[in-house]
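Notes follow the structure.
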Amino acid sequence: MREHPATLIKLKRDGHELSGDQIRDIVDGVVDGSLGDAQLGAFLMAVCCRGMSVQETGTLTTAMRDSGDVLDLDAIPGTKVDKHSTGGVGDKVSLFLAPLVAAAGVPVPMISGRGLGHTGGTIDKLHSIPGFRTDLSQDEFLEVLAECGFVMAGATGSIAPADKRMYATRDISGTVESVPLITASILSKKLAEGIDGLVLDVKCGRAAFMQSRENAEALTESLVSTGRAAGKNITALLTDMDTPLGYAVGNALEVAEIADCLHGRGPKDLVDLTLALAAEMLVLAGKASSTDEAMPILRQLVEDGSALACCRKNVERQGGDSAFLDDASALGQAPVVAPFTPSLGAVKWIEDIDPMEVGLAAMDLGAGRRAATDEIDPLVGVVLHKKVGDTLEGDEPLFTVHARDDTAAERAVERVAKAITFSQSEIGPRELILARYA
Ligand code: URA
């Protein structure tokens with residue numbers, strides 16, 4: 001390091017802008033260990049409190065990207081486009097979107113993460129498909145992408161290693177909620193995929209990283225401007241995470257819901273959001289001149305089975321058993337399946353479903369991790385049978401809990417039942433897409 005770490009930490013602590021060299025020195029120190037844990041924690045807290053300029057955020061992002069390998073996808077013809085979501089409850093969009101966009105002729109190289117806390121991770125969902133491998137070498141990654149049009153894998157240690165140490169330190173030092181740190185963390189990994197374009201789904205609401213509209217907008221603007229400054233085509237949608245997406249929350253249960261989507265019978269909110277994001281990807285790749293033009297192309301690819309065929313090819317190529325695409329029972333079933341029917345008396349409208357409570361109930365069942373080392377149970381979770389605005393009458397079940405044992409099921413039923421409220425009068429539809437940055 002050209003200067004003592006404490007000098008750089010004090011500069012940031014006192015609200016000064018760091019130069020490109022100073023930021024690159026910090027990132028080098030993160031990777032080679034010359035920046036100690038206490039110094040890294042102090043630096044992250046200084047950034048969290050003082051923020052970073054657009055210039056600093058851009059330099060931090062590219063320095064973190066360059067801390068490891070950047071994939072070279074030049075051998076794959078076409079404009080390579082990926083999607084990233086900031087995460088939420090029931091957000092299984094990637095598993096439907098990747099084969100759909102690939103079926104439209106746009107290569108999708110997708111490197112995804114594991115879930116932590118109440119939000120699920122694409123890698124955990126994929127692991128609920130028997131045999132499916134996400135630990136691909138770089139060569140395999142490229143082969144699967146070339147053969148199937150899309151690939152879904154976990155990050156290897158060589159992708160943005162600076163982020164691994166920084167994220168682990170943020171997690172234990174109260175420095176996760178920082179717009180520049182989140183921006184650099186997300187984009188360093190996505191830019192290392194060697195993509196040409198990226199569509200961002202920034203979530204806003206109770207189960208999102210950014211709960212307020214104001215903070216979600218600030219994060220979206222930072223992601224879009226930083227990504228564009230790094231030379232990528234970026235579009236973003238700001239979307240609702242104030243209610244679970246789709247009906248299923250839990251890994252195999254969500255994968256089963258994706259099979260429904262690929263057969264053209266998925267839940268409306270999940271299908272609408274996936275199509276909206278996919279349409280943006282087709283526009284970025286030059287396959288459609290507008291999202292309006294992209295929509296019928298995408299609908300046709302679902303209707304004629306092309307997206308389903310593309311998914312089947314990929315699952316089999318990545319070692320998975322594709323039987324679940326025809327019969328969800330191939331994924332297995334949790335030992336206890338407990339439907340819950342409230343006694344309401346009269347017909348009621350569903351007023352609210354708190355996504356955080358549903359996500360935490362699923363996590364407690366074993367569908368998610370409280371700590372990074374926790375094991376996932378692929379079969380447990382919650383399946384809602386109603387959405388906000390639906391009516392519930394008679395002895396209709398409201399949701400079903402899938403659990404390892406009766407005690408866990410009872411706890412989850414109690415928690416999810418409390419997360420759902422009713423109204424005597426009709427409830428209007430929720431807005432799913434809150435803003436578009438194109
Ligand atoms: N996802 C990431 O990869 N990093 C963050 O900081 C937040 C969400």
Side-chain angles (χ1 to χ4, degrees), residues 26-27 30 40-41 43-49 51-52 56-58 60-65 67-68 70 82-89 91-94 109-125 134 152-193 195 198-212 215-224 226-227 230 232 234 236-239 241 356 359 363 368-369 372:
I26 293 272
V27 173
V30 169
L40 177 55
F43 174 74
L44 293 168
M45 185 56 83
V47 173
C48 213
C49 296
M52 276 187 151
E56 286 176 297
T57 307
L60 181 64
T61 303
T62 47
M64 287 168 66
R65 174 198 66 193
S67 67
V70 177
D82 193 8
K83 185 259 336 177
H84 178 81
S85 156
T86 56
V89 172
D91 181 0
K92 60 219 42 109
V93 163
S94 293
M110 204 174 254
I111 297 181
S112 304
R114 304 188 321 157
L116 187 60
H118 66 283
T119 63
T122 300
I123 292 298
D124 297 324
K125 299 181 213 289
T134 58
M152 303 184 97
T156 64
S158 62
I159 296 282
D163 181 62
K164 283 220 164 52
R165 186 164 168 225
M166 288 171 78
Y167 196 86
T169 308
R170 285 167 60 206
D171 203 27
I172 55 168
S173 63
T175 54
V176 168
E177 294 86 358
S178 151
V179 166
L181 294 179
I182 297 175
T183 301
S185 170
I186 290 175
L187 286 183
S188 60
K189 289 173 288 195
K190 285 287 147 184
L191 300 182
E193 286 176 353
I195 46 175
L198 178 66
V199 174
L200 293 160
D201 178 7
V202 182
K203 303 282 188 199
C204 171
R206 282 171 291 179
F209 246 112
M210 295 298 175
Q211 296 178 358
S212 75
N215 288 346
E217 282 174 359
L219 177 59
T220 314
E221 279 157 22
S222 172
L223 285 163
V224 170
T226 306
K232 303 297 170 191
I234 312 258
L237 299 182
L238 186 64
T239 71
M241 188 27 74
M356 192 66 170
M363 185 189 77
R369 296 181 184 81

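Just follow the structure's listing: the first ligand is 1, and inside any ligand the first atom is 1.
- Scanning the protein for heavy atoms near atom 8 (C) of ligand 1, the closest one is Phe209 CE1, 3.3 Å.
- Residues Lys190 and Asp82 are paired through a salt bridge, judged by an N-O separation under 4.0 Å between the basic side chain and the carboxylate.
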Exercise answer: donor-acceptor pairs, residues 177-184 side-chain atoms, under 3.5 Å, sequence neighbours excluded:
| unit_1 | atom_1 | unit_2 | atom_2 | d |
| --- | --- | --- | --- | --- |
| Ser178 | OG | Leu181 | N | 3.3 |
| Thr183 | OG1 | Val179 | O | 2.7 |
| Thr183 | OG1 | Ser222 | OG | 2.7 |

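- Protein heavy atom at the shortest distance from atom 1 (N) of ligand 1 is Ile186 CG1, 3.7 Å.
- Scanning the protein heavy atoms around atom 3 (O) of ligand 1, the nearest turns out to be Lys189 NZ, 2.4 Å.
- For the pair Arg206 (side chain) and Met356 (backbone), a donor-acceptor distance under 3.5 Å is absent.
- Scored by the side chain to side chain contact (heavy atoms under 4.5 Å, CB included) test, Gln211 finds no partners at all (sequence neighbours excluded).
- Atom 4 (N) of ligand 1 has Ser185 OG, 2.6 Å as its closest protein atom, hydrogens excluded (heavy atom only).
- Ligand 1 has an N or O atom lying under 3.5 Å from an N or O atom of Arg170, backbone or side chain.
- Of the residues Leu44, Thr169, Val47, the one that meets the side chain to side chain contact (heavy atoms under 4.5 Å, CB included) test with Thr175 is Leu44.
- For ligand 1, the polar-atom distance check finds no N/O of Asp163 at less than 3.5 Å from any of the ligand's N/O atoms.
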